[in-house]
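Below is one structure, written out as structure tokens; the observations come after it.
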Amino acid sequence: MPREYSRILALSAVLLLLVASPCVSFQTSKLTTTRTTITKIAMTLSSEQQLLKDDLVALASSTSRGFSASRKDRDKAKRIINELSKLSPTEEPAAAYYSDAQATSDDVVPSLAGKWTLIYTDAPDITSLDAPVSIQKLGRIGQECDPPLIKNVIEWKRPDWASSLPFSGDEDSRILQRVVTEGASTPVDNPTVDLKLVGLEISGTNGSVKENSGLVNSLLNGPAALFEQNPIKLQGPLKGPFGKFDILYLDDVMRITKTYQGYYAVNVRQEEGNEWF
């Protein structure tokens with residue numbers, strides 16, 4: 001069997017295992033905000049806004065990002081979100097996804113652009129990812145907004161039950177699955193962002209594997225090592241509709257969105273220097 005054909009078969013087998021799980025429908029651009037501007041905006045938040053945000057963060061923590069939330073918890077989250085949406089400090093939260101001709105300013109603050117980490121959701125396509133028995137363990141969930149792209153990022157780790165198995169990688173091994181979409185909005189449509197699916201990316205991280213260690217060594221060190229050496233990027237010329245979302249609240253720390261199916265997602269901006277993807 002030719003060597004290249006063997007390599008393709010090995011990659012295809014692992015890819016099928018990964019993409020069998022549900023996917024989340026959801027070059028970093030420069031952020032024009034300065035630390036001084038961010039600080040000023042944070043200081044202008046009212047005490048009511050801060051209290052509501054604190055309550056929402058506490059609820060997210062106590063319900064494991066909403067994965068274990070009861071109906072009462074979800075109702076409480078909706079009430080807090082409804083109150084916060086009335087106090088959003090950003091008049092044009094979708095401005096980062098206007099076309100160049102429609103852009104109102106190069107220094108719109110706060111901006112949707114950047115890297116975000118999910119702290120709460122009630123979307124079943126996300127909460128169902130944390131299955132009790134799985135070939136992979138769900139890690140963090142995030143979103144990279146680099147106009148015009150929006151990449152929904154899922155971190156997969158080695159499951160606890162596989163720690164003693166060979167070829168499973170170490171406890172720090174991880175696979176990043178990115179569902180790549182393209183976002184667009186206009187001043188008329190603001191705060192709505194339309195999405196189109198443009199591709200899928202899979203990469204891995206395994207600190208125990210040296211660079212260019214070869215396909216065999218990568219396979220012996222688990223799927224994360226394989227994708228670290230052989231990342232996958234699938235992107236074709238066709239783009240398909242992928243839904244839309246409304247931005248209900250946006251400041252420089254927190255973002256709240258609602259899909260057209262009626263599900264909520266609360267994200268916090270990743271701190272500069274502490275990004276996990």
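Note that the numbering runs from 1 along the sequence shown for the chain. Keep in mind the model is a prediction, meaning the values are calculated, not measured.
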Shortest non-hydrogen contact between Ala60 and Ile119, atoms and distance: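 Shortest heavy-atom contact: CB-O, 3.1 Å.
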Shortest non-hydrogen separation from Leu84 to Gln49 and the atoms involved: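 For Leu84 versus Gln49, the nearest heavy atoms are CD2-O, 3.8 Å.
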Partners passing salt bridge (Lys or Arg N to Asp or Glu O under 4.0 Å) against Lys76 (at least two apart in sequence or in another chain):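 Salt bridge (Lys or Arg N to Asp or Glu O under 4.0 Å) check on Lys76 returns nothing, list empty.
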Side-chain donor-acceptor pair present, [X], [Y], cut-off under 3.5 Å:
X: Thr259; Y: Gln261; answer: yes
X: Asp73; Y: Ser70; answer: yes
X: Arg158; Y: Gln136; answer: no

Hydrophobic cluster membership, Trp116 vs Phe67, 4.5 Å side-chain cutoff: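 Yes, same cluster.
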Val57, Val268, Val266, Asn267 screened by side-chain contact (heavy atoms from CB on, under 4.5 Å) with Tyr120, the one that passes: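 Per the side-chain contact (heavy atoms from CB on, under 4.5 Å) rule, the option paired with Tyr120 is Val266, out of Val57, Val268, Val266, Asn267.
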Candidates Val198, Leu197, Ile150 - the one meeting side-chain contact (heavy atoms from CB on, under 4.5 Å) with Phe242: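 So the option named by the test is Leu197.
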Can you measure from [atom1] ([X]) to [atom2] ([Y]) and round to the nearest 0.5 angstrom?
X: Thr117; Y: Glu271; atom1: OG1; atom2: CD; answer: 10.0 Å
X: Thr90; Y: Leu250; atom1: OG1; atom2: CG; answer: 4.0 Å
X: Ile247; Y: Thr257; atom1: CD1; atom2: OG1; answer: 8.0 Å

Residue pairs passing the side-chain hydrogen bond (donor to acceptor under 3.5 Å, both in side chains) test where at least one lies in residues 58-69, sequence neighbours excluded: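 Residue pairs with at least one partner in residues 58-69: there are none.
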Glu91 atom CD: more than 12 heavy-atom contacts under 6.0 Å: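 12 or below, so no.
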Enclosure of Phe277 CZ (heavy-atom neighbours >12, cutoff 6.0 Å):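 Correct, the count exceeds 12.
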Note, Gln177 side chain near Trp156 side chain (heavy atom, < 4.5 Å):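 In short, these two side chains touch, coming nearer than 4.5 Å.
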